[in-house]
Amino acid sequence: MELPQQVIELDDLTLRRFDGGTDLPELLRVIEESLEHLRPWMAWVAEHSPARTTDLLIRHAEGWARGEEFTYVIVLNGAIVGVCWLLRRDDNPGNGREIGYWLHPAATGRGVATRAARALVTQAFHLNGVDYVEVVHDRANRASGAVPARLGFTEHLRRPAERLAPAETGEDQIWRLTRHQADNMTAEVC
Ligand SMILES: CC(C)(COP(=O)(O)OP(=O)(O)OC[C@H]1O[C@@H](n2cnc3c(N)ncnc32)[C@H](O)[C@@H]1OP(=O)(O)O)[C@@H](O)C(=O)NCCC(=O)NCCS
């Protein structure tokens, strides 16, 4: 089974495989401090309690061993400031992957999510046969959409979606970066 790197070092930023054993207390504190910032866009916040969110996080962590989903804590200067993930959805045709992220409000505005997402794109295309990477967010979530836009993703399609979180409009925006586009960008930079 092919797996991404468990630890990714990026200057002041580290992405580290989420460890349900050691990361939980700090991550729960970060979540508690971020609830009002996350609530508009993240449906699970409405159900949050330490026990429920712990269950959810542990289920996500278990996906790593099965090679299905890879959840990382985002660590800035030694402190957890958010979470990002790389996963495969059943409804992705071909061999696609999806990236997601959230940050503590105090960590926004500094390119942390963009740098984390860029690193996960690199990991995704190192996995054998991955053809494309997507970011999916509600169309009104402009901060989320700005991340793939900065990384050269293109707007792929919009589709109706269930309104699960309070600010959602019921329409998802899907951004896509193909391996071909990513290769061309690398070539241009070189
Ligand atoms: C989505 C979310 C993670 C985006 O956070 P963000 O801080 O806007 O994104 P980044 O961390 O990439 O930072 C980008 C900002 O840093 C600036 N920046 C500074 N250095 C930068 C760098 N090296 N690279 C990129 N941007 C940089 C950018 O100009 C941008 O500033 P702006 O917002 O004034 O235009 C955040 O809004 C969030 O947690 N939202 C709630 C949860 C959520 O909606 N998650 C997505 C669900 S689909």
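All of these numbers come straight from a predicted model, not from anything done at the bench. For ligands, and for the atoms within them, numbers begin at 1 and follow the listed sequence. As a basis for the values below, the full set of heavy atoms in this structure was taken, side chains included, without hydrogen atoms, waters or symmetry mates.
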So, does [X] use its side chain to make a donor-acceptor pair with the main chain of [Y] at under 3.5 Å?
{"X": "Glu26", "Y": "Ile80", "value": "yes"}
{"X": "Arg179", "Y": "Phe125", "value": "yes"}
{"X": "Gln123", "Y": "Gln5", "value": "yes"}

Numbering the atoms of ligand 1 from 1, which are under 4.0 Å from a heavy atom of [X]?
{"X": "Ser144", "value": "1 (C), 46 (C), 48 (S)"}
{"X": "Thr108", "value": "7 (O)"}
{"X": "Ala113", "value": "3 (C), 9 (O), 10 (P), 11 (O), 12 (O)"}
{"X": "Ala143", "value": "4 (C), 37 (O)"}
{"X": "Leu38", "value": "41 (C), 42 (C)"}

Strictly inside 4.0 angstrom of [atom], do you find any protein heavy atom?
{"atom": "atom 13 (O) of ligand 1", "answer": "yes"}
{"atom": "atom 26 (N) of ligand 1", "answer": "yes"}
{"atom": "atom 46 (C) of ligand 1", "answer": "yes"}
{"atom": "atom 29 (O) of ligand 1", "answer": "no"}

For atom 23 (N) of ligand 1, the option (of Gln173, Glu168, Arg115) bearing the nearest heavy atom: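 Residue with the shortest heavy-atom distance to the ligand atom: Arg115.
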Hey, looking at atom 18 (N) of ligand 1, which of Ser34, Pro40, Ala165, Gly111 has the closest heavy atom?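 Heavy atom nearest to atom 18 (N) of ligand 1 belongs to Gly111.
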Just jot down the side-chain contact (heavy atoms from CB on, under 4.5 Å) partners of Ser144, sequence neighbours excluded, or say none.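 Partners of Ser144 under the side-chain contact (heavy atoms from CB on, under 4.5 Å) test: Tyr101, His137, Asn141.
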Do any heavy atoms of Val136 fall under 4.0 Å from ligand 1?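 True for this residue.
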Please verify whether a non-hydrogen atom of Gly100 lies at under 4.0 Å from ligand 1.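 Contact check Gly100 vs ligand 1: negative.
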Within the supplied structure, the quantity of interest is the number of heavy atoms (other residues, nucleotides, ligands) at a distance under 6.0 Å from Glu2 CD; does it exceed 12?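 Atom CD in Glu2 is crowded, with more than 12 foreign heavy atoms closer than 6.0 Å.
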Please write down residue, atom name and distance for the protein heavy atom closest to [atom].
{"atom": "atom 40 (N) of ligand 1", "answer": "His37 NE2, 3.6 Å"}
{"atom": "atom 19 (C) of ligand 1", "answer": "Arg110 C, 3.5 Å"}
{"atom": "atom 5 (O) of ligand 1", "answer": "Leu103 CD1, 3.9 Å"}

Using a plain distance cutoff, I'd like to know if [X] has any nitrogen or oxygen under 3.5 Å from a nitrogen or oxygen of ligand 1.
{"X": "Trp102", "answer": "no"}
{"X": "Val112", "answer": "yes"}
{"X": "Gly109", "answer": "yes"}
{"X": "Asn141", "answer": "yes"}

Among all residues two or more places apart in sequence or in another chain, which pass the ring-ring contact (aromatic ring centres under 6.0 Å, His included) test with Phe70?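 Testing Phe70 for ring-ring contact (aromatic ring centres under 6.0 Å, His included), a comparison that skips the adjacent residues, returns Trp64.
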Stepwise, does the salt bridge (Lys or Arg N to Asp or Glu O under 4.0 Å) test hold for Asp131 with Arg176? CA-CA 10 Å; Asp131 299 320; Arg176 182 176 281 198; over 6 Å; no
Non-hydrogen atoms of Leu86 and Leu127 that approach each other most closely: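 For Leu86 versus Leu127, the nearest heavy atoms are CD2-CD1, 4.4 Å.
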Does [X] come within less than 4.0 Å of [Y], counting only side-chain N to carboxylate O?
{"X": "Asp138", "Y": "Arg158", "answer": "no"}
{"X": "Glu168", "Y": "Arg163", "answer": "no"}
{"X": "Arg59", "Y": "Glu62", "answer": "no"}
{"X": "Arg115", "Y": "Asp11", "answer": "no"}

Counting heavy atoms only, which part of Trp41 comes closer than 4.0 Å to ligand 1: side chain, backbone, both or neither?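 It is the side chain that touches ligand 1; the backbone stays farther off.
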Examine the proximity of ligand 1 to Arg150 and report which part, side chain or backbone, both or neither, has a heavy atom under 4.0 Å away.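 The side chain, only.
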Please tell me whether Thr53 and His48 have a donor and an acceptor in their side chains that are separated by less than 3.5 angstrom.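 Side chains of Thr53 and His48: pair found under 3.5 Å.
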